[in-house]
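We count ligands from 1, going down the list as the structure has it; atoms in each ligand are counted the same way. Heavy atoms only: backbone and side chains are in, while hydrogens, waters and symmetry mates are out.
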Amino acid sequence: MSRYRQAVRVRVREWDPRSASDEEIRSLVETLNEVLAADLPDDPPWQDVQVREYLAETMPGERRISWVAEDDRLPEGTGKVFGHVTLLLLGDIGVLEVLVHPDLRRRGLGQQLVAVAARRAYLEGFSSIGVEAIGDTPAIPFYESLGFEKEYVETRNVLTLSSVDWSALSTMAGGISAGYRVEYHPGGPPESLLEAYAQAKLEGQDGDDNDLDLRPSSSDPQRLRDSLDTLHRRGLKPYIVLAIHETTGTVAGLTELVVPAQHPERADQYDTIVVREHRGYGIDRAIKARMLLELRTAEPGLREVQTWNAQHSESMLKVNAELGFQSDRDWYEYIADVAQLVQRLEPTN
Ligand SMILES: CC(C)(COP(=O)(O)OP(=O)(O)OC[C@H]1O[C@@H](n2cnc3c(N)ncnc32)[C@H](O)[C@@H]1OP(=O)(O)O)[C@@H](O)C(=O)NCCC(=O)NCCS
């Protein structure tokens, strides 16, 4: 039974997480957790830890603008947060994230939130807007109803640590060819390795992906420093495992993972890259296995790791399956032309 449907009139207001009250942040987290329970019941709920920083901090040169939907009968900032939208302006694309409390859905609030963000993107001179939408959730028919087009699909894979065979994992971690050394760096790569690390990221990019770059990626040393700094400020604790090619000292492979303060029981595995000339030496399997072994000690509260893979990256999917990752959901990137979106959402009278 809907708690709000009958009673509430909603106001949408631009909102700055830096100056928001603790109450509002708490209410936003509650709404997010209701959304998760409705749409992604197997995902861990968020804790109210560094959520303000998570929402406020961005990479240098990027801006995030936010709005909340709240009860129109109460003074600003004193009631519940029923909906939230953020527009991250990066490079030449705006990235949208929208959520509406499950009890207030299907009455046009989602559309209203997209409209206000799209109008701002238009005024800021941005020509396209991208979103990530999760398979088998209302976000798919929602964005399609607004004319967004599917651009790219990945699969989210989840590993449950309680199902891991730790002795098999130790064998995998040691199964790297001679001539390579594996290093573990909690917090990020050391300054002395940043150049080599950035170079590996640059060389390891496949170049044949069509994804919209909606997530952070850093392939020059300064951007990497900025990116690590931003992760820390947002409460996302990075862990890195590297394979060093011993004769040249170059980084042959790397895997990156973050443990978010907001849901520390589920980590996000970001990029795993093996530089082309070093493929076929067991690096992918060894560095991922080593990462899991290290996390077992470093993060005793961790229960799951999630990662996203393009459906064509067969060798990586094979290694992930060996480690025990199970495929979970499709994860889509959609895109829309800003001018068309604004026009579509313009009130008709
Ligand atoms: C997607 C979402 C924002 C939509 O919010 P909403 O307020 O219900 O959307 P609207 O009422 O503006 O819907 C606009 C149109 O989208 C389509 N739509 C929205 N939800 C739909 C659903 N469940 N099934 C089919 N169509 C749907 C309809 O065409 C709808 O128009 P109609 O109601 O006149 O038929 C909301 O479901 C949500 O918050 N989802 C979670 C977002 C998310 O995935 N976050 C990340 C995980 S935490």
Side-chain angles (χ1 to χ4, degrees), residues 2-13 15 25 27-48 51 54-55 64 66-72 80-88 94-119 129-150 153-156 158 214-215 234 236 260 262-263 265-266 268 304 306 308 328-336 340-348:
S2 166
R3 272 170 288 167
Y4 305 122
R5 187 175 283 268
Q6 303 305 326
V8 172
R9 284 215 325 268
V10 170
R11 168 180 63 226
V12 173
R13 171 175 63 92
W15 181 80
I25 300 280
S27 176
L28 176 57
V29 172
E30 274 170 25
T31 294
L32 171 65
N33 284 335
E34 297 276 356
V35 166
L36 287 171
D39 295 347
L40 299 170
D42 296 332
D43 280 40
W46 277 41
Q47 300 171 13
D48 185 4
V51 171
Y54 179 85
L55 294 170
R64 189 184 293 108
S66 309
W67 293 261
V68 288
E70 61 190 0
D71 192 333
D72 191 33
K80 280 190 167 299
V81 172
F82 295 131
H84 183 244
V85 59
T86 65
L87 175 69
L88 179 66
V95 182
L96 207 59
E97 282 184 39
V98 190
L99 62 93
V100 170
H101 193 291
D103 289 348
L104 281 171
R105 290 183 181 172
R106 300 305 290 270
R107 38 184 269 173
L109 182 52
Q111 245 182 42
Q112 201 184 333
L113 290 168
V114 172
V116 72
R119 222 173 294 132
I129 284 192
V131 292
E132 288 189 5
I134 306 169
D136 291 327
T137 73
I140 302 291
F142 173 71
Y143 288 116
E144 292 191 348
S145 80
L146 296 180
F148 279 80
E149 286 185 8
K150 203 175 275 175
V153 58
E154 288 182 320
T155 302
R156 180 172 73 168
V158 179
L214 302 184
R215 295 196 204 120
R234 299 184 78 203
L236 306 170
Q262 299 81 14
H263 51 87
E265 62 271 49
R266 186 182 281 202
D268 295 337
E304 294 157 329
Q306 60 186 0
W308 291 263
D328 174 53
R329 275 169 193 265
D330 287 339
W331 215 267
Y332 298 95
E333 289 181 354
Y334 278 84
I335 193 156
Q340 283 174 11
L341 187 60
V342 168
Q343 202 172 23
R344 184 187 282 260
L345 290 167
E346 209 57 31
T348 43

Which of the numbered atoms in ligand 1 are under 4.0 angstrom from any heavy atom belonging to G108? 10 (P), 11 (O), 12 (O)

Could you check atom 4 (C) of ligand 1 against the protein and tell me its nearest heavy-atom contact, residue, atom and distance included? F142 CD1, 3.5 Å

Tell me whether E149 at atom CD has more than 12 heavy atoms from other residues, nucleotides or ligands lying less than 6.0 Å away. no

Nearest candidate to atom 45 (N) of ligand 1, where distance is taken over non-hydrogen atoms, out of V98, V85, D43: V98

Tell me, please, which residues at least two apart from D328 pass side-chain contact (heavy atoms from CB on, under 4.5 Å). R156, V158

When you compare ligand 1 with I134, is there at least one nitrogen or oxygen pair between them that comes in under 3.5 angstrom? no

Test Q262 against L236 for side-chain contact (heavy atoms from CB on, under 4.5 Å), laying out the working first. CA-CA 8 Å; Q262 299 81 14; L236 306 170; 3.8 Å; yes

Can you tell me which residue and heavy atom of the protein come closest to atom 7 (O) of ligand 1, and the distance to 0.1 Å? G110 N, 2.8 Å

Report the nearest protein non-hydrogen atom to atom 23 (N) of ligand 1: residue, atom name, distance rounded to 0.1 Å. P138 CB, 3.4 Å

Tell me whether L32 reaches ligand 1 (any heavy atom closer than 4.0 angstrom to a ligand atom). yes

Would a line drawn from the ring center of Y143 to the ring center of F148 be shorter than 6.0 Å? yes

Can you figure out which of H101, R105, E144, E34 has its heavy atom closest to atom 37 (O) of ligand 1? R105

Salt bridge (Lys or Arg N to Asp or Glu O under 4.0 Å) evaluation trace for R105 with D39: CA-CA 12 Å; R105 290 183 181 172; D39 295 347; 3.1 Å; yes

among protein heavy atoms, the one nearest atom 29 (O) of ligand 1 is S145 CB, 3.4 Å

So H84 and W15, would you call those rings parallel, tilted or perpendicular, with 30° and 60° as cut-offs? perpendicular

Atom 41 (C) of ligand 1 - nearest protein heavy atom and its distance: D39 OD2, 3.2 Å

Kindly indicate, with the supporting measurements, whether the criterion side-chain contact (heavy atoms from CB on, under 4.5 Å) is fulfilled by V114 and Q111. CA-CA 5 Å; V114 172; Q111 245 182 42; 5.8 Å; no

Closest to atom 26 (N) of ligand 1 among protein heavy atoms sits P141 CB, 3.4 Å

Rounded to the nearest 0.5 Å, the CZ atom of R329 sits from the CD atom of E154 at a distance of 15.5 Å

Please report whether ligand 1 has a polar contact with L40, defined as an N or O pair separated by less than 3.5 Å (distance criterion only). no

Number the atoms of ligand 1 from 1 as they appear, then name those within less than 4.0 Å of a heavy atom of V35, with their elements. 41 (C), 48 (S)

Looking at atom 34 (O) of ligand 1, tell me if a protein heavy atom falls under 4.0 Å from it. no

For L99, the ligand 1 atoms whose distance to one of its heavy atoms is below 4.0 Å: 39 (O)

When L99, L96, V85 are each screened for side chain to side chain contact (heavy atoms under 4.5 Å, CB included) with L113, the one that passes is V85

Nearest-contact summary for atom 14 (C) of ligand 1 - protein heavy atom, Å: Q111 NE2, 3.6 Å

Region of R107 that comes within reach of ligand 1 [heavy atoms, distance under 4.0 Å]: backbone

For atom 39 (O) of ligand 1, what's the nearest protein heavy atom and its distance? V100 N, 2.7 Å

Identify, by atom number and element, the atoms of ligand 1 in contact range of L36, meaning under 4.0 Å from any of its heavy atoms. 48 (S)

Using a 4.0 Å heavy-atom cut-off, say whether L146 meets ligand 1 through its side chain, its backbone, both or neither. neither

Ignoring hydrogens, just give me the one of Q112, H84, R106 whose non-hydrogen atom is nearest atom 27 (C) of ligand 1. R106

Would one find more than 12 heavy atoms of other residues, nucleotides or ligands at under 6.0 Å from atom CD of Q47? yes

